[in-house]
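Okay, so here's the structure we're looking at.
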Protein chains: 2
Amino acid sequence: MEDRQPKYRLLKQQIEGWLRAEKYRADEQLPSENELAAQFGLSRQTVRQTIGELVSEGLLYRVHGKGTFASPSARPGAGGGTAVGMITTYISDYIFPHIVRGAEAELRSRGCGLLLSSTDNSKQAERQGLERMLAHPVKGLIVEPTRSAQGNTNLDLYVRLQLDGIPLVMINERYPDLDCPCVKVDDEAGGYAAAAHLLRLGHTRLAGLFKTDDMQGTRRLQGMLRACREHGLTPEPDRLVLYASEDKASKPAAAAKRLLELPQGERPTALVCYNDELAVQLVDLASGLGLSVPDELSVVGFDDSQLALAGSVKLTTLSHPKSELGARAARLLLDLADGQPAPPQEQLIYAPELIERGSTAPWNG
Amino acid sequence: MEDRQPKYRLLKQQIEGWLRAEKYRADEQLPSENELAAQFGLSRQTVRQTIGELVSEGLLYRVHGKGTFASPSARPGAGGGTAVGMITTYISDYIFPHIVRGAEAELRSRGCGLLLSSTDNSKQAERQGLERMLAHPVKGLIVEPTRSAQGNTNLDLYVRLQLDGIPLVMINERYPDLDCPCVKVDDEAGGYAAAAHLLRLGHTRLAGLFKTDDMQGTRRLQGMLRACREHGLTPEPDRLVLYASEDKASKPAAAAKRLLELPQGERPTALVCYNDELAVQLVDLASGLGLSVPDELSVVGFDDSQLALAGSVKLTTLSHPKSELGARAARLLLDLADGQPAPPQEQLIYAPELIERGSTAPWNG
DNA sequence: CATGCAAGCTTGTACGGACATGTCGGAGAC
DNA sequence: GTCTCCGACATGTCCGTACAAGCTTGCATG
């Protein structure tokens, strides 16, 4: 039982089909309203309603006294604006600028603009951004979900996007209740690689510090735990520090301080950090406590940000495609807007690679 | 003889007037179609035609079974676009993300979008960006000039902007042949403050490394020279290293290495660096050469970026308003778009302040 | 008190007719 | 041959009616 479409909408789809198939080329005249009405067994008013909508969508234009014609521009697939919207949590910090930059460069090379909005990790701000993108004509939308582990309060707006036929691509994370392609990094594999590297170096007392109010941190943690299990280690709960975005300034540092002040035989010899930002903070903390990195403590970061090379201790970290990720999302979005099908999700996942630098060393306990 | 307007158009103007006068606020319900028809002596079909046009223009929306409502967005009088364009040289590096972020947050709070474009320091890319902003309806434009010391090849487009009445605000720098407000930092005063601080600490052999293909570096250099003159010092030319953007990866580091390998009595004891990025690079270089910072070498950076705190040596640097600068530019632009006059240029200049940290120390030669 | 249903509002769809206005081509006048 | 005018036909405006479908309210029923 498909639900019955109103007649004017069926006629609209018919005409859209004609245009797509180029049955009527640019500025070519369509049958008159009366002809269409007779042909389809409709009244002239109903035909007028159809054509009226197509005119307001820019697909057709009418000339008083002459007839109705196909618009030269705007093929149905090309639709929408000339700009693409992008909503991310933060735009100034850490690796986000590089992601934005990658998307911007790609869009620029394809003649598209970038309409940017940030949410500062607030779902309310995300809502505002979505509303503006809906009001403004955008060709498509790239979204980094805000607090993806805490559900999707703006689902109604995302549904409206899909109803309007505006393609959507997510980056880094996805809302589970939304079916759309997502360009991301394999965080679980990254967490696994980080821990496996340390285990290979002979470390046995690993600590992990992860931000777990998004799925990224959770996955990195899971990868670390899998590596430990495969090496026959069961990490002690108090060596796993989980924190939320709000606490990132103080809680992980305080917890790390407590761990590093333990006596020699209990102190962790290696730290797996949620990202480079935390890692440099902890390297600093360690040297403040008189622990030299990497001789007395190994530290692994994540994301290969510019921070990894800023200090005197160059961080061992996991690569992150950053600008390539942004560019890939932009490419994908424009392809979707052109009516191409989405590639399978597996092709949108980047595998992070371990970059060995100076913050990790073998351990001979 | 005014030409007679059709009835539906008269009603349309009436309703547009109501919306302009905020008689119906966002999401407030309008009279039903039958009420309007009775009130204006029209048929319901005619009223529907009116409302249909207003809906397709985005001023109203209808909800089946409930009624017709005023759209929250797009007041008719708001004019122009609802987005502001921003063109900067880089968007991912250094402090630029913070400037963008400040502008974005301010625009967001005022209900505007941000259309972003970067030039990667290419005048050709700047041209593309300007063309897109002109084609796309933007309310105004924030521009950071690209290679401002090398003239303005896109003047024709800037003139068209002004002819179209699109307000323009520059940040960081200005094209000398364009008369528009410019939000910036007093770089000369910054260079002066940096050098004066070192001179006050007892240093006498100062070296300076500046990127001089934009006006910022040139001004910082001039400030440094003024401070030296006032202290009765004439800096030797070979202690001043000037470089261009293309050479920034190698030339300043190579020159610094040469200076720091001079024998004790000739080696500079303090470096004034164009920015923090260069400063951390040189701190690293110095420790590689066995020179401890700040005991054997003082280093001053610029811009108080996150790099200043990333390493183990915390940089003494000059403050930069960053996000406040972006926000100020956005505020100013929206005010200009509202028809307010531009404030005097003096009020748009931020004075940098010295932030004393761990990379500078007194010198007792 | 809760549930369900119907009445009465809304907009949505579809038809019918009538006349106005703009365009164009052909018949007829010059 | 050229010009004018008229008629055919296009869209534009306006009205009327009817019924479908979605939402809210309130009354009646259990």
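Residue numbers start from 1 in every chain, and the chains themselves are labelled A, B, ... in the order their sequence lines are given, proteins ahead of strands.
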Just the rounded figure in Å: distance from C1' of C:dT13 to CZ of A:Phe40. 18 Å

Please report the C-alpha distance between A:Leu130 and A:Leu161 in whole Å, then the side-chain angles of each, then the deciding distance to 0.1 Å, and finally whether the side chain to side chain contact (heavy atoms under 4.5 Å, CB included) criterion is met. CA-CA 9 Å; A:Leu130 284 168; A:Leu161 273 179; 4.3 Å; yes

Under 4.0 Å, heavy atom to any atom of DNA chain D: which of residues 60-68 of chain B qualify? B:His64, B:Gly65, B:Lys66

To the nearest angstrom, how far is B:Lys12 atom NZ from D:dG12 atom C1'? 14 Å

Quick one: A:Arg44 CZ to C:dA14 P, roughly how many Å, whole number? 17 Å

Can you check the A:Glu33 CD to D:dC9 P distance for me, whole Å? 15 Å

Which of the following nucleotides, C:dA14, C:dT13, D:dC15, is nearest to the side chain of B:Lys7? D:dC15

Can you name the one residue among B:Arg331, B:Arg101, B:Arg328 that meets salt bridge (Lys or Arg N to Asp or Glu O under 4.0 Å) with B:Glu106? B:Arg331

With A:Thr146, which of A:Thr89, A:Thr88, A:Thr119, A:Thr153 fulfils side-chain hydrogen bond (donor to acceptor under 3.5 Å, both in side chains)? A:Thr119

What nucleic acid atoms does B:Gly41 come within less than 4.0 Å of, heavy atoms only: base, sugar-phosphate, or nothing? sugar-phosphate

Closest approach of A:Met133 to A:Ser117 (non-hydrogen atoms, all atoms of both residues): CE-CB, 3.7 Å

Is the CZ atom of B:Arg110 crowded by more than 12 outside heavy atoms at less than 6.0 Å? yes

Quick one: A:Gln29 CD to C:dT23 P, roughly how many Å, whole number? 13 Å

Do other residues, nucleotides or ligands put more than 12 heavy atoms under 6.0 Å from the NZ atom of A:Lys248? no

Below 4.0 Å: OP1/OP2 of D:dC15 and any side-chain N or O of B:Ser43: yes

Measure CZ/B:Arg48 against C1'/C:dC15 and give the value in whole Å, please. 14 Å

Find the distance A:Gln45:CD to C:dG12:P and express it as a whole number of Å. 17 Å

Short side-chain N/O contact to D:dC9 OP1/OP2 from A:Ser32, under 4.0 Å: no

Protein-nucleotide distance (A:Asn34, atom CG; D:dG12, atom P), rounded to Å: 13 Å

N/O (side chain, B:Thr46) to phosphate O (OP1/OP2, D:dC14) under 4.0 Å: no

A:Asp179, CG: over 12 other non-hydrogen atoms inside 6.0 angstrom: no

